[in-house]
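Here the structure is a predicted model, which is why all the values come from computation and not from measurement. Only this structure's heavy atoms are used, side chains among them; waters, hydrogens and symmetry mates stay out.
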Amino acid sequence: MSSGGGGNGPAHTTAASLHAPVDALVSPVTAARAALAEAINDLAALDTRGTGIEDLLALVIDSEHATRTLTGLGQTWLHRSVQAGAFTDTGLTCADALSGLLHIDLPDARTRLRRSMLLTDQTTLTGDPLPARMPGTAAALRDGDISLAHVTVIDKFLRELSPAVDTETRERAEQQLADLARGITPATLRQAATRLAGWIDADGDLTDPADRRRRRSFRISGPDRHGMYTAVIVCDAKGAATLELVCETLGKPGVTLDNNGDTTDDHAADNGDGDAETGDGETGDGDTKDAAEAAAAAEAAAAERVRDPRTAAQRDYDAVFTAITRTLARRDLGTTHRGLPISLILTTTVADLAARAGLALTAGGTALPIADLLTLAGNHPDDLDTWLCITDLNDRPLHLGRSRRTANTDQRLALFATDHGCTFPGCTAPATRTQVHHVTDWAHGGTTDIEYLTYACDRHHRQIHTGPLGWATTTAPPGHRYAGRTLWHPPALADPTREGRVNHHFHPGDLLRDPDPGPIPDGT
């Protein structure tokens, strides 16, 4: 698959051009696009308020069928575009370029590119034709009989099959699932795929530890409207056993209870019921024990008697969270990461802090309410550093709480407060996955001053060079709509004007400002 730079990709055709008169000189593609636009406009102009039920249902069915068919055809068009080098001279990877072209998230762009390769006929280096890797699925999608949800089920099934499964078996399984998908829902297809996978590997000989390790993952998504995040972990038996041990020990009733905001109605261990110990170092049956052993037994018994208000799931969460916190406190991960201390780093503004409202950010890009920030900043473990960075109303550094006064660390923390992550347009890499970049390159006289530093992730940092596909960076001058922010200038091949662009991902408030601020200098 071709890779290269971003920019805005091919020029968009205006709506007016889609309705221009079609003569003999226009290409078949232009004529077909014009016909499609006209058909869509005709449908949109229909007044269906008095339409009969049969006609309404027919429209629903036909529009779904057309959407599926166009999606299937779009997979082919996308792959052919990549093969033709549509994104070669754009300065970004194909996924980055497609994300900017269609205004979709980068993971979605990657998924579309991968699927387009699986659902499109290929050619060998010698020009010989090759069928699509998922031919049955591709045909069913182009026929409008299945949706992308069906495609996802079949794609996941094939990816999770052991590499030991031979090609012929894979092809037969794919065709069988594609045929089934034409008449059942994705949920039912998922059940059928699970059963089919069991039949293919009935004795389990095709699955080995390497296959299981290949499937391990840990992902965090969110937040939802309550500010809560969802973590999903897929682990092997060893990982499950480790988590089980943590939950069985630190997740017992009463253990880690003081590490959260939950309270108890009564601490039976505090008033001495006479069950835990006799007070004279002896057990109830008169046998004397070692003092340390007796103390440990008493502590365990007290913990068991605590009326813990938490559910089992909440105790397990607190257990895992406590284990991770202790790991950080022991410095098992080292002392620094990309020049920043291995610590809990939080940032907020004076306005939000005074109002006790709004959201703060961690170095990893997690948003949390101000109330939680104050709790974390004030009640953290004594052996775990918490860095609180407060910025002024213009989002410039005002005060660095608990600063070590080390220039390198201070500058990185200041950049975290202003940039929050990679400054490349559309990039979602948080501060913890970036490196400091000189806006004016060090080799060309740049200085290591906070005004001339910015964050860039490893991938986009490599795209800054003086070659024909290289990007350049400057700082937006006073009077610019985004004064003080880092401007990224695409290669001239992608955008002859090389107009500077900023990253709105970590500054969504940019998009809510006055849309007409007046003349905007390009900052070049």
For H465 against G467, the heavy-atom pair lying closest together: ND1-N, 3.0 Å
H461-Q435 side chain donor-acceptor pair, cut-off 3.5 Å: yes
Test log, rule side chain to side chain donor-acceptor pair (under 3.5 Å), inputs D419 and T486: CA-CA 9 Å; D419 293 346; T486 301; 4.9 Å; no
Aromatic ring proximity H420/H505, centre distance under 6.0 Å: no
Step-by-step side chain to side chain donor-acceptor pair (under 3.5 Å) determination, S116 to R80: CA-CA 9 Å; S116 71; R80 298 277 162 77; over 6 Å; no
Side chain to side chain donor-acceptor pair (under 3.5 Å) assessment of T473 paired with H489: CA-CA 6 Å; T473 54; H489 304 271; over 6 Å; no
Basic-acidic side-chain contact under 4.0 Å: R112, D108: yes
Point-to-point distance, once rounded to the nearest 0.5 Å, from OG1 of T88 to CD of Q83: 11.5 Å
Heavy-atom pair with the smallest gap, counting every atom of A181 and L189: CB-CD2, 3.7 Å
Rounded distance [0.5 Å steps], CH2 in W471 versus CZ in R462: 15.5 Å
Salt-bridge contact R172-E168 (side-chain N to carboxylate O under 4.0 Å): yes
R498 side chain to P490 backbone, donor-acceptor under 3.5 Å: yes
Salt bridge R159-D155, side-chain N to carboxylate O under 4.0 Å: yes
H79-Q75 side chain donor-acceptor pair, cut-off 3.5 Å: no
Under 3.5 Å donor-acceptor, S99 side chain and A95 backbone: no
Donor-acceptor pair, side chain of T169 and main chain of V165, under 3.5 angstrom: no
Test item: side-chain donor near acceptor, T71 and R142, under 3.5 Å: no
Interatomic spacing from CD1 in I233 to CZ in F218 - rounded to 0.5 Å: 6.0 Å
Ionic contact status for R459 with D96, cut-off 4.0 Å: yes
Ionic contact status for D143 with R182, cut-off 4.0 Å: yes
Reference residue Y482; test side chain to side chain contact (heavy atoms under 4.5 Å, CB included); the match among R501, H507, H504: H504
Side-chain donor-acceptor contact under 3.5 Å, Q314 with D318: no
Atom of A132, atom of L118 and distance for their closest heavy-atom approach: CB-O, 3.5 Å
Pairwise distance CZ(R114) to CZ(R133) - rounded to 0.5 angstrom: 10.0 Å
